[in-house]
Amino acid sequence: MKYQKLGKTDLEASVVSFGAWGIGGGSVWPDMALGVPEVERLLDAATDLGINYIDTAPVYGTGASEELLGQALKGGRRDKFLLQTKCSLNWRNDGGNFHYQRDGYTVNNDTSARAVRQDVEDSLRRMQTDYLDLIVVHYVCGSWPVEETMSALQQLIKEGKIRAVGLSNSKPADLREYEKYGTVALVQEQYSLLAPYHGMDYFPAVRESGATFQVYGALEEGFLTAPDYVDRTFPQGDVRGKLPWIHEPIKGNIHKLFEVMEPLTKKYGCSYANLVQAWTLRQYPNLNLLTGFRRVETMQDTCRALDICLADEDVQLLSEAAKPAQVTELDK
Ligand SMILES: NC(=O)c1ccc[n+]([C@@H]2O[C@H](COP(=O)([O-])OP(=O)(O)OC[C@H]3O[C@@H](n4cnc5c(N)ncnc54)[C@H](OP(=O)(O)O)[C@@H]3O)[C@@H](O)[C@H]2O)c1
């Protein structure tokens, strides 16, 4: 495993971080139900592989991901991980802007000081811990002053309830605004071979700020892991059934990308996922590769990507081959 400091903090994180959206299940990840023993196995495998960094959110499975983690982190596991969760999206029905309706819950976005404090208290309770290493503002939002949101988060740092702050689904201007009122350790943003433009626009701002760029969705929820994944059908509500990759002509162009990748998997002796991950890690120095896992095998395979050094011409080849399948904007 390789490690990196998160932004200007002294938090030392594994470059591969464990995304816990999928373990929350619900209608968006309906095809695998995980219980506490399975999550314990995932956490122990993470420790064996050197992964010390977990990302979750209150809304992942509407509380289920955090609750499962809370159960599984008991028994001596908590201190082995940097535990990152989020604030702003909640289903308390006590204010905020409508964000979405899912699994019978109305989720609102609220970055008021009151809501952010309550989010942290709720996450501490669900995860049965007395501190969170990082809180990421899940969806930055213009309805409340950034000074108010960031001041509440700074106060929570002073109280020892959280240690650092990150932003997500944000823009460079948001990063600059939040940094007027405190330190932003990282931005967690969508970035992939199929949708690289948001990240490319963001890189100069994180370079200037010193924040870590944490990538989510590098594998496009599995679509970049195998050619037959692109042909799968997904039940109503499944996050993967809403992505643009299932429609022509993008779908056919992803198949063509896999044809380009196939000889490279032989050249580097690696999986398709590893090729994509190795390409991703080459796009910006010190990226954090946040990857969703529900199985130990995918976690183990992902860690192999850190040892792959793609030749410059292969990085270029993948970038070019992906272009016909790319989208300029992607909302998950
Ligand atoms: N801030 C936000 O708004 C936001 C949005 C989306 C995601 N996220 C965070 O980012 C994390 C990652 O995103 P994601 O889970 O949506 O997408 P992802 O990491 O692109 O894809 C996850 C999928 O890829 C599979 N996978 C992982 N490594 C693999 C490998 N080496 N070989 C084959 N398959 C592999 C996993 O399989 P298995 O399930 O079978 O293990 C999982 O189904 C989330 O879990 C969440 O923590 C944040």
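Quantities reported herein were computed from a predicted structural model and do not represent experimental measurements. Order of listing sets the numbers, starting from 1, for every ligand and every atom in it.
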**Student:** By number and element, which atoms of ligand 1 are closer than 4.0 Å to a non-hydrogen atom of A20?
**Tutor:**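 By the 4.0 Å cutoff, the relevant atoms are 45 (O), 47 (O).
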**Student:** When you measure from atom 13 (O) of ligand 1 to every protein heavy atom, which one gives the shortest distance, and what is it?
**Tutor:**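 The closest one turns out to be G217 N, 3.7 Å.
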**Student:** Is E179 salt-bridged to K8, cutoff N-O under 4.0 Å?
**Tutor:**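 Looking at K8 together with E179, the answer is no, because their closest N to O distance does not fall below 4.0 Å.
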**Student:** Assess the side chains of D312 and Q316: does a donor N or O sit below 3.5 Å from an acceptor N or O?
**Tutor:**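 Side-chain D/A pair, D312 to Q316: absent.
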**Student:** Do Y139 and V59 belong to the same hydrophobic cluster, where Ile, Leu, Val, Met, Phe, Trp and Tyr are linked whenever their side-chain heavy atoms lie under 4.5 Å apart, directly or via other members?
**Tutor:**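 Y139 and V59: one cluster.
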**Student:** Parallel, tilted or perpendicular: which fits the ring planes of W279 and Y191, with parallel below 30° and perpendicular above 60°?
**Tutor:**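 Correct class here is parallel.
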**Student:** Quick check on contacts: which atoms of ligand 1 are under 4.0 angstrom from a heavy atom of D301?
**Tutor:**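 Answer for ligand 1: 30 (C), 31 (N), 32 (N).
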**Student:** Give the residue, atom name and distance (to 0.1 Å) of the protein heavy atom nearest atom 5 (C) of ligand 1.
**Tutor:**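 Protein heavy atom with the smallest distance to atom 5 (C) of ligand 1: Y216 CE1, 3.1 Å.
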**Student:** Does D55 reach ligand 1 with a nitrogen or oxygen that is under 3.5 Å from one of the ligand's nitrogen or oxygen atoms?
**Tutor:**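 N/O-N/O distance below 3.5 Å exists for this pair.
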**Student:** Is there a path of hydrophobic side-chain contacts, each under 4.5 Å between heavy atoms of I, L, V, M, F, W or Y residues, that connects L287 with M1?
**Tutor:**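 Per the 4.5 Å side-chain linkage, L287 and M1 are co-clustered.
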**Student:** Is there at least one pair of N or O atoms, one from E220 and one from ligand 1, spaced under 3.5 Å apart?
**Tutor:**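 So ligand 1 has an N or O lying under 3.5 Å from an N or O of E220.
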**Student:** Going by the side-chain contact (heavy atoms from CB on, under 4.5 Å) test, name the single residue among V165, V120, L156 that passes it with I135.
**Tutor:**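 Of all the options given, the one that passes is V120.
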**Student:** Just which atoms of ligand 1 are under 4.0 Å from any heavy atom in T291?
**Tutor:**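 Counting from 1, the qualifying ligand atoms are 12 (C), 19 (O), 27 (C), 28 (N).
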**Student:** What protein heavy atom is closest to atom 26 (N) of ligand 1, reported as residue, atom name and distance in Å?
**Tutor:**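 Looking only at protein heavy atoms, the one closest to atom 26 (N) of ligand 1 is L219 CD1, 3.7 Å.
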**Student:** Side chain or backbone of H138 under 4.0 Å from ligand 1, or both, or neither, by non-hydrogen atoms?
**Tutor:**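 Side chain only.
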**Student:** Looking at ligand 1, is there an atom of it that comes within less than 4.0 Å of some heavy atom belonging to Y60?
**Tutor:**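 So Y60 counts as touching ligand 1.
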**Student:** Could you see if I51 belongs to whatever hydrophobic cluster contains L83? Use Ile, Leu, Val, Met, Phe, Trp, Tyr and a side-chain cutoff under 4.5 Å.
**Tutor:**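 Yes, I51 connects to L83 through the hydrophobic network.
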**Student:** Specify the protein heavy atom at minimum distance from atom 43 (O) of ligand 1: its residue, its atom name, and the distance to 0.1 Å.
**Tutor:**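 Closest protein heavy atom to atom 43 (O) of ligand 1: W29 CZ3, 3.6 Å.
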**Student:** Answer with yes or no whether the side chains of Y268 and D314 bring together a donor and an acceptor at under 3.5 Å.
**Tutor:**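 Yes, a side-chain donor-acceptor pair sits under 3.5 Å.
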**Student:** Can you pull out the closest protein heavy atom to atom 35 (C) of ligand 1? Residue, atom name and distance to 0.1 Å, please.
**Tutor:**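 It is T298 CG2, 3.5 Å.
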**Student:** Would you check whether F18 reaches within less than 4.0 Å of ligand 1, judged by its heavy atoms?
**Tutor:**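 Contact check F18 vs ligand 1: negative.
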**Student:** What are the atoms of ligand 1, with element, lying closer than 4.0 Å to any heavy atom of F293?
**Tutor:**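 Reading through ligand 1 atom by atom, the close ones are 28 (N), 41 (O).
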**Student:** Record the part of A218 in heavy-atom contact with ligand 1 below 4.0 Å; permitted values are side chain, backbone, both and neither.
**Tutor:**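 Under 4.0 Å from ligand 1, A218 contributes backbone atoms alone.
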**Student:** Report yes if some N/O of R240 lies less than 3.5 Å from some N/O of ligand 1; otherwise report no.
**Tutor:**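 No, there is no polar N/O contact under 3.5 Å.
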**Student:** If you take all heavy atoms of L34 and L42, which pair is closest and at what distance?
**Tutor:**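 Scanning both residues completely, I find the closest heavy atoms to be CD2-CD1, 3.7 Å.
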**Student:** Please say which of T106, D110, D119 ends up in a side-chain hydrogen bond (donor to acceptor under 3.5 Å, both in side chains) with R92.
**Tutor:**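 The option that passes is D119.
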**Student:** Please indicate whether any nitrogen or oxygen in T225 is less than 3.5 Å from any nitrogen or oxygen in ligand 1.
**Tutor:**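 For ligand 1, there is no N or O atom that lies under 3.5 Å from one belonging to T225.
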**Student:** S271: heavy atom below 4.0 Å from ligand 1, yes or no?
**Tutor:**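 Under 4.0 Å: no for S271.
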**Student:** Identify, by atom number and element, the atoms of ligand 1 in contact range of N169, meaning under 4.0 Å from any of its heavy atoms.
**Tutor:**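 The list of qualifying atoms is 1 (N), 2 (C), 3 (O).
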**Student:** Please list, in number order, the atoms of ligand 1 under 4.0 Å from a heavy atom of G222.
**Tutor:**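 Within the 4.0 Å cut-off of G222, ligand 1 contributes 21 (O), 23 (C), 24 (O).
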**Student:** Begin with the C-alpha distance, continue with both residues' side-chain angles, and end with the deciding distance and a verdict on side chain to side chain donor-acceptor pair (under 3.5 Å) for S65 and T56.
**Tutor:** CA-CA 7 Å; S65 172; T56 183; 2.8 Å; yes
**Student:** Give a yes or no on whether E297 atom CD has more than 12 heavy-atom contacts from other residues, nucleotides or ligands under 6.0 Å away.
**Tutor:**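 Enclosed: over 12 neighbouring heavy atoms sit under 6.0 Å from CD of E297.
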**Student:** Any nitrogen or oxygen of Y229, side chain or backbone, less than 3.5 Å from one on ligand 1?
**Tutor:**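 No, Y229 has no N/O under 3.5 Å of an N/O on ligand 1.
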**Student:** Quick one: sort the Y284 and F203 rings into parallel, tilted or perpendicular, breaks at 30° and 60°.
**Tutor:**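 Y284 vs F203 ring planes: parallel.
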**Student:** Mark yes when over 12 heavy atoms from residues, nucleotides or ligands other than K256 sit less than 6.0 Å from its NZ; otherwise mark no.
**Tutor:**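 For K256, atom NZ is not crowded (no more than 12 foreign heavy atoms under 6.0 Å).
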**Student:** Once the angle between the rings of F258 and H255 is folded into 0 to 90°, is it parallel (under 30°), tilted (30 to 60°) or perpendicular (over 60°)?
**Tutor:**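 Tilted, since the angle between the ring planes falls between 30° and 60°.
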**Student:** Between ligand 1 and W21, is the shortest N or O to N or O distance under 3.5 Å?
**Tutor:**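 Yes; the residue has a nitrogen or oxygen that sits under 3.5 Å from a nitrogen or oxygen of the ligand.
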**Student:** Within 45 degrees of the axis of the six-membered ring of F213 and under 6.0 Å from its centre: does R207 put its NZ or CZ there?
**Tutor:**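 Checked: cation-pi criterion not met.
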**Student:** Look at atom 21 (O) of ligand 1 and say which protein heavy atom is nearest, naming residue and atom and giving the distance to 0.1 Å.
**Tutor:**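 Ranking protein heavy atoms by distance from atom 21 (O) of ligand 1, first comes E221 CA, 3.3 Å.
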**Student:** Report, in ascending order of atom number, the atoms of ligand 1 lying under 4.0 Å from any heavy atom of A273.
**Tutor:**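 Atoms satisfying the 4.0 Å criterion: 30 (C), 31 (N), 32 (N).
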**Student:** Which ligand 1 atoms does S168 reach within 4.0 Å, using its non-hydrogen atoms?
**Tutor:**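 What qualifies from ligand 1 is 1 (N), 2 (C).
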**Student:** How does F223 reach ligand 1, by side chain, by backbone, by both or by neither, if only non-hydrogen atoms under 4.0 Å count?
**Tutor:**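 Neither part.
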**Student:** Just to confirm my output: which protein heavy-atom neighbour is closest to atom 38 (P) of ligand 1, and how far is it?
**Tutor:**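 For atom 38 (P) of ligand 1, the nearest protein heavy atom is R294 N, 3.6 Å.
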**Student:** For atom 19 (O) of ligand 1, grab the closest protein heavy atom and report residue, atom and distance to one decimal in Å.
**Tutor:**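 In this structure, atom 19 (O) of ligand 1 has G292 N, 2.9 Å as its nearest protein heavy atom.
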